[in-house]
Amino acid sequence: MITGGTMGEGPPHGWTPVEERLWEAFRRGEVLDLRTDGADDDAAGGADWGPERTVRAEVLAHLLLSGPEAAPGRVAGLRLDGAYVTGPLRLAGATVPSYIEMHGCRFDSTVLVSEARVGTVRLIGCLIPRLEAARLAADGDLHLARCVIPQGVRLTDARIGTDLLLNQAVLGADRHSRAFAADGLTVHQDLEAERLVAHGEFGIRTGRIGGRLSLRGAQLSIADPTRNCLNLARTSVGNTLYLTGSADSSWTSSPTHYGYGYGMPIAPGASVTPFRARGGVRLVDARFESACLIHDAEFALSPQQELSLRRIRTPELRFACRTAPGGRVSLSRAQVGNLVDTPASWPGAGLVVLDGFAYDSLRPAAPFDVEQRIAWLESSLGEYQPEPYEQLASALRRDGRDDDAREVLYAKQRRRRGALPVHARLWGLLQDVTVGYGYRPGRAALWLLLAWLLGTAYFAANPPPALKADEVPTWNAPLFALSRLLPVVDLGQDGWNPGHTGQWVAAGLVLTGWILATTVVTGATRLLQRG
């Protein structure tokens, strides 16, 4: 129990020499550095820290809640490096006006700041058994960079006035397997968790991030094969979500460096630590106002887990992993502007879900021809569905790729045929072989040529008699066969009267001409329109 001491007096009776020094440093806004500049300064290491580095948590609470007035010309604040803080730090429900910055400190008990109101808090490279900060209101930054927090962080419904930094932090899990429980979190600017290591769920459901949410180079895992290691369901991000790699050269072992803002582009061939998720990833109903970037990322998924992008909305989705996720990827009813992807990013047949997936344009990051795109589409389908084909064809048309769009619609008809009754499948097969469902006008032209040659051969061997004995035109078998195939064209061969078999052959040529010539004309019209 701390007794004695007032705003204008010295430290309370019973404080240790170290705590008395902290009292004076607090009122002067200076750093009390208890580090030894040796290997023993690692807060998460196993070295013993003795009384010369020990500060009671109740002393910190006393300073922050009823500490001394600032020295003349100074701003009071808690600045402490390398301290061993004993006992639970209880600030729940408090209003803490002072600035707080602690580097390399070791706490032996939970830090409790739930429902507190603070300014800026920077805890850098500290060991904290657990951080309880539900409904915390911070007017400035909250920095937990490089901290080791074995029992995880709770920031449910917290409000951060500027930035939240978790770069290079190591988080363990609570009894519910949650390493970062922050449902309802609001961060007015950026949330950086780059190179974070989390052994449990990193969850921000129904959160609001005003700027960007960066998990570059983060390593997320969860032991339960049915759970998610990342859960951003219904979260809104005002800028960009980064589930990407982190260039190793952008980081340093300096104890003062724990972030690099928006970072530099990764140079080709540079050493990169990929984003890794060993567990389900759930971005269901999330909104990303600028982009959702997923590249230089690795996903290890159990059969019960998936990379779920269901119903997300973003102007750009970049999905360009070097290796495909080891499980299901779902984009059901997602809405994106540009889809930037590569063939190698998508898992195999049956592991992609695209029903209702809407995108405006395709911007592949690597060669992605139409045959590969159709295979990508059809690998996602169970029963026949027309909408994914129509969506893909529309996107290709908007990019001016009309030929590729017709390839997709042709594939659609072939896939549809498999869902029809037997008699309809036979008719569809005939359409496919003869005219390619109207998308193969060149095939129709070849059938016309074959019909003309066969008709010419037949009538050359079986010339018909003249229709009128006194009017005998000049006989020409090739022109007669062609006049049957193109009945609207007068080639001067109407004065002949084929016999019984010849009439059937002529009728066959007429029907063939009407069916196939229409397809050829339609194809020629398309070519002229493109020209």
Side-chain angles (χ1 to χ4, degrees), residues 1-114 116-133 142-144 146-149 255:
M1 176 69 69
I2 293 174
T3 61
T6 64
M7 296 288 286
E9 300 177 354
H13 176 70
W15 282 27
T16 67
V18 171
E19 292 167 350
E20 291 177 351
R21 290 169 58 196
L22 181 59
W23 171 281
E24 184 62 24
F26 178 88
R27 63 186 295 270
R28 297 180 65 83
E30 295 177 347
V31 177
L32 176 60
D33 191 347
L34 303 177
R35 295 173 297 182
T36 63
D37 294 326
D40 292 347
D41 288 332
D42 182 5
D48 291 331
W49 290 2
E52 74 282 357
R53 301 182 68 163
T54 300
V55 177
R56 290 169 293 165
E58 58 184 313
V59 168
L60 300 184
H62 183 90
L63 288 172
L64 293 171
L65 300 179
S66 54
E69 293 181 353
R74 299 300 184 102
V75 177
L78 178 61
R79 300 171 183 267
L80 181 60
D81 294 353
Y84 178 39
V85 182
T86 60
L89 179 58
R90 295 187 176 96
L91 297 171
T95 297
V96 182
S98 302
Y99 175 84
I100 301 172
E101 183 165 355
M102 302 175 70
H103 288 257
C105 293
R106 180 187 295 173
F107 293 77
D108 73 354
S109 300
T110 299
V111 173
L112 302 163
V113 289
S114 298
R117 186 174 189 92
V118 300
T120 288
V121 178
R122 292 192 171 102
L123 304 177
I124 311 302
C126 296
L127 172 64
I128 306 170
R130 178 164 174 79
L131 177 61
E132 281 281 353
L142 174 60
H143 291 189
L144 299 170
R146 290 187 172 177
C147 284
V148 177
I149 309 178

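What you see is a predicted model; the values in this text were computed from it and never measured.
Between the CZ atom in R117 and the CG atom in L91 there is a gap of 15.0 Å [rounded to 0.5 Å]. L78 contributes atom CG, which lies 6.5 Å from atom CG of L63 (distance to the nearest 0.5 angstrom). To the nearest 0.5 Å, atom NE2 of residue H103 and atom CG of residue D33 are 10.0 Å apart. The CH2 atom of W49 sits 7.0 Å away from the SG atom of C105 when rounded to the nearest 0.5 Å. Rounding to the nearest 0.5 angstrom, the gap separating the CD atom in E101 from the CD1 atom in I124 is 6.5 Å. Rounded to the nearest 0.5 angstrom, R122 CZ and I100 CD1 are separated by 11.5 Å.
Scanning both residues, L123 and C147, for their nearest heavy atoms gives O-SG, 3.0 Å. For the pair R27 and E69, the tightest heavy-atom approach, listed with the atom from each and the gap, is CB-O, 3.4 Å. What you find for A76 and A70 is that their closest heavy atoms are N-CB, 3.6 Å. Shown here for S98 and G77, the closest heavy-atom pair between the two residues is CB-CA, 4.4 Å. Looking at every heavy atom in both residues, A44 comes nearest to L127 through CA-CD2, 4.2 Å. Shortest non-hydrogen contact noted between G104 and C126 is N-SG, 3.9 Å.
E19 contributes a side-chain N or O that, together with a main-chain N or O of R56, makes up a donor-acceptor pair within less than 3.5 Å. Although no hydrogens or angles enter the test, the distance criterion places no donor-acceptor pair under 3.5 Å between the side chain of W23 and the main chain of P12. The backbone N or O of G45 sits less than 3.5 Å from a side-chain atom of R106, completing a donor-acceptor pair.
Pairs engaging residues 78-87 under the side-chain hydrogen bond (donor to acceptor under 3.5 Å, both in side chains) rule: R35-D81 [sequence neighbours left out].
Two residues are said to be in side-chain contact when any heavy atoms from C-beta on lie closer than 4.5 Å; L60 and L22 meet this criterion. At a threshold of 4.5 Å between non-hydrogen side-chain atoms, the residues L144 and V121 do not count as touching. Contact of the L65 side chain with the V96 side chain is registered, since non-hydrogen atoms from C-beta on lie closer than 4.5 Å. Taking the side chain as every heavy atom from C-beta outward, F107 and L89 approach each other to under 4.5 Å. Using a 4.5 Å heavy-atom cutoff, the side chains of V18 and V55 are in contact.
Open room surrounds CZ on R90; 12 or fewer heavy atoms of other groups in view lie less than 6.0 Å from it.
For R21, the side-chain hydrogen bond (donor to acceptor under 3.5 Å, both in side chains) criterion is met by no residue, not counting sequence neighbours.
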